[in-house]
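Throughout, a chain's letter reflects where its sequence line sits, starting with A, and its residues are numbered from 1.
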Amino acid sequence: MADTTDILADLTPEQIEAVTHVDGPLLVLAGAGSGKTRTITRRVAYLASVGIAPFNILAVTFTNKAAGEMRQRIGELLTFLSSRQRAGVTVATFHSLCARLLREFASFAGLDSNFSIMDSSDQTKTAKLALERSSISAELLPPARLLSAISKSKNRLQLAEQFAAHNTDFSSRNIARAFAAYEQIMKENNTVDFDDLLLRMAMLLRDNADVRAQLQDRFQYILIDEYQDTNHAQFIICHMLALKHHNICATGDPDQSIYGWRGANLGNILDFEQHFPNAKVVRLEQNYRSTKTILKAASALIVNNIQRKNKSLWTDNEQGDRIKIIYAADEREEARHVARQLREMFDQHKMRWDEMAVLYRINSLSRVLEDSLMEAAIPYQIVRGTEFYARKEIKDALAYLRLLNNPSDRVSFERIINVPARGIGPGSMDHIISYSQETGINLVQACAQAHQIEGLTKKAASAAKVFAHHLETCRSEFPHLLGRSAAPAGAAIWHETPASDSLGETDWPVPDFANDVHEDRLFAAHSRGASDDAAVAGNISADEHGGSAGTDTEGPPEVDASIPPNKSLRGMAALLDRMLRIFKLIDHDKRDAEEVERVNNLLEFINVAAEFTTQNPTGTLSEYLEQVTLVSDVDKLKDERGSVTLMTLHAAKGLEFPLVIMIGLEEGTLPMSRSFSKANHDDADMEEERRLAFVGMTRAKKRLILTGALSRMTRGFTESRTHSRFVCELPKDCIEMFDAFRQVRPAGSPGYRDNVQYHPKRPRGLPMENTSASATPPSSTGKFRRGMLVRHPLFGVGRVEDYFENGDNSRAVIDFRKVGRKTLVVAFARLELLDGGS
DNA sequence: TGTTCCGTGTTTTTT
DNA sequence: ACACGGAACA
């Protein structure tokens, strides 16, 4: 037994209680800034110090970045172990853990171990194709709605069949059909989506007793972070894994649950003690992060939520400054105030740029901000996941890698078969795909056999052969990067599983843990389903492809093998580099600015790959693709010295900054309201919005600034705004109000910084009574306001739902009793005012 | 087959 | 205001 002095150093009694609780379920209700991460890492170290094998410890975090940091911190604590033993601790996100395990147990899950993981744009494409195949117009069922329905269903562990069984109305029947087609396409492509990772793992654990037993014994001590954001599938995974040893430690904070919209179930954490009987509960309520003022304000905000466990955060930290609240006339001015505040912190308070963050509800708010930060010469970085990987050239390069890894990946195939242009148009492409489907060989093999495909022009056929041959060249040069199963280019075909395939078949009741189902009964139920599945799984692992070379040997097409591999690159970077050269994705001849930008991006991509190889010397292509696909926004947040961080409130979870500025504190933006028609926006939705604001505020250590604009341009329309109700919920003695709105500036004057003085208004400054929807917002210059009753000569009586002030082009959205909602240009519509609608 | 232009929808939040 | 997809044109 190792010395635990270090491990328990500087911990509070409550934290020690959590850290030293070894066996049995444990719930740590950790308030914002209460040292949760620290408690978890120490706990892992403690477990190891009392002799638990690192190999038996599993820690699940919310983001890859959090996982990386935790791995690092645990490593630093486990000095009493060898580095090899240290590496034994599994630290992963749910998604990456599931991906890894599903590859390991692929045959039992009815998968090929080199399956691809679709990103969201792939999902949209697949959804569209599924709708097409089911002859459902995208108008009747928008792809986004289909995807959201599929996602919700999968979170409940229901596939197309169960969905159809549970939903019989007209719209749902369409969804069910498209859902089935979507699943079929994914099967053909040997692909899974994000939800599948969780769903398939949950089902595998549920239905396969052998796999379950094996994993239960591997992960004897489980720690789940951010438990308030787990969904049903994740709950099942936790539950199944912990069923035998009961050693599950969940940490989280119900007040920070902000992912309800994507299926997170707050009940998981609220009912933890019912789900895991005899659970010990530890509350961490001392906050080490924020000033008294910030904490008091955040607490005052969150108590307005009805559905919550009462909890009182306290801190020994200093009182700190009041929270600045600044409302500007419009979003441009708001952005300039933000820049000004940041500059002031840097110049006068000697704060570093990387100690400051600007948070917003929706990504689109960052645009104006960027302009003003650039103008003010303030360095910034935007944490936006899609930015790098959504670029065309990166997506293309990625698609090449995906296809190399998984030659059945149709989405990738379609993306790049003619990029760069090689004379294979949509028509030729369809022929190749059909041929592949008819003969059951994969897409790359089909290309290799292009001369046998009817309807292909000679030119297209030989281009296809060259394409396949190039892929084969890459494969043969990097055998060690392509896992065993990907070996012969294209041996990987989705094996049609027998009809008795358990996925989606077993009608296994979702366990009602709240009723405290006896564990043995649960267990027995699973075992039954599992044995069937195990039998099936055994069959489908047989490989029908002998693994003979997929490429055509007769008359290998002219291959441009003159490009030598870049010898200085290793591993993934070398493969990527070779690939880019062979397929001419880097065109050095073009010299225009855009091309330079693209080449730079691709070189950056090679750097990413090189970094992967450095960290995973034996990493395979499939592992690499997985990492790239599963990265989230925050994962790419670099510790860039000297730049202000811009990100969404969601992305800010778990982070902290000395200065936080939250922008867009307006009704409709924060809290966000989806549409005019959604009347009962109260309740659950509103409470989640409030939690989001709470998360944002509690990111701040020293200073907090809240801003808003009283008119904002959205989609080309100027909309007038009112103060956020959340601002009104803050105690008056915690805030100071700055009303920049009334400052008059000469239009276009260059030095607004010199002209504009802030005038702290009376601390009562917040116009409490002026913020409800019925009050006249100071910026509402038009004569129409929400709620007014009007009469139109043609449409009759209606109520104003919204009003966009835009000069002669001002529009009103009016809900007419007889003809429904219409948007009218006020200047032309002869509207008669009936009353003020107060 | 490839490129350009126009019209339309689009903005919540993400693994 | 912007990006994407379809249609028309080269």
Fill in the blank from the handout: Rounded to whole Å, CD1 of I417(A) lies from C1' of dT1(B) at a distance of 15 Å
Exercise for the section: Rounded to the nearest angstrom, tell me the gap between atom CZ in R332(A) and atom C1' in dA1(C). Expected result: 13 Å
Problem - Identity of whatever pairs with dG9(B) - Watson-Crick or G-U, under 3.5 angstrom - result: dC2(C)
Handout entry: Touch class at under 4.0 angstrom, heavy-atom based, for T230(A) against every strand present
Key = nothing
Practice task
Would you mind checking if E687(A) and R308(A) are paired as a salt bridge, meaning a charged N to carboxylate O distance below 4.0 Å?
Solution key: no
Fill in the blank from the handout: note: K653(A), atom NZ; dT12(B), atom C1'; distance rounded to Å ~ 16 Å
Problem - Side-chain N,O (N363(A)) to OP1/OP2 (dT13(B)) below 4.0 Å - result: yes
Exercise for the section: Specify the residue among Q123(A) and S428(A) whose closest nucleotide of DNA chain B lies further upstream toward the 5′ end. Expected result: S428(A)
Return a table of donor-acceptor pairs under 3.5 angstrom between the side chains of residues 416-428 of chain A and protein atoms on other chains or two or more places apart.
from: N418(A); atom 1: OD1; to: R422(A); atom 2: N; distance (Å): 2.7
from: N418(A); atom 1: OD1; to: G423(A); atom 2: N; distance (Å): 3.2
from: N418(A); atom 1: OD1; to: I424(A); atom 2: N; distance (Å): 3.2
from: N418(A); atom 1: ND2; to: I424(A); atom 2: O; distance (Å): 3.2
from: R422(A); atom 1: NH1; to: I416(A); atom 2: O; distance (Å): 2.9
from: R422(A); atom 1: NH1; to: I417(A); atom 2: O; distance (Å): 2.6
from: R422(A); atom 1: NH2; to: Y400(A); atom 2: OH; distance (Å): 2.9

Exercise for the section: Between dT15(B), dT14(B), dG5(C), spot the one nearest the side chain of H95(A), thanks. Expected result: dT15(B)
Handout entry: 5' priority, DNA chain B, between R262(A) and T457(A) [closest heavy atom]
Key = T457(A)
Problem - Residues E334(A) and R721(A) bridged, charged N to O under 4.0 Å - result: no
Practice task
Answer yes or no: does a side-chain N or O of N231(A) lie under 4.0 Å from OP1 or OP2 of dT15(B)?
Solution key: no
Problem - Same-atom distance (C1') from dT12(B) to dG5(C), integer angstrom - result: 24 Å
Exercise for the section: Specify the separation, in whole Å, of atom CG of N64(A) and atom P of dT14(B). Expected result: 15 Å
Practice task
Would you indicate which nucleotide in dG2(B), dT1(B), dT12(B) comes nearest to any side-chain atom of N418(A)?
Solution key: dG2(B)
Practice task
Tell me whether the OP1 or OP2 atom of dC4(C) has a side-chain N or O from T124(A) closer than 4.0 Å.
Solution key: no
Completion exercise
Between CD of Q256(A) and P of dT13(B) the distance, given in whole Å, is 20 Å
Practice task
Give one of base, sugar-phosphate or nothing for D195(A), where a contact means two heavy atoms less than 4.0 Å apart.
Solution key: nothing
Handout entry: Euclidean distance, atom OH of residue Y360(A) to atom P of dT11(B) [Å, nearest integer]
Key = 17 Å
Practice task
Using atom OH of Y259(A) as one end and atom C1' of dT12(B) as the other, report the distance to the nearest whole Å.
Solution key: 12 Å
Handout entry: Atom pair distance, as rounded to whole Å: CD1 in I362(A) and P in dT14(B)
Key = 11 Å
Practice task
Classify the side-chain pair T251(A)/D225(A) by whether it contains a donor and acceptor separated by less than 3.5 Å.
Solution key: yes
Practice task
Could you check M713(A) against E719(A) for side-chain contact (heavy atoms from CB on, under 4.5 Å), going step by step and ending with a plain yes or no?
Solution key: CA-CA 6 Å; M713(A) 173 97 100; E719(A) 226 177 309; over 6 Å; no
Practice task
Verify the contact: side-chain N or O of S364(A) to OP1 or OP2 of dT12(B), cut-off strictly under 4.0 Å; return yes or no.
Solution key: no
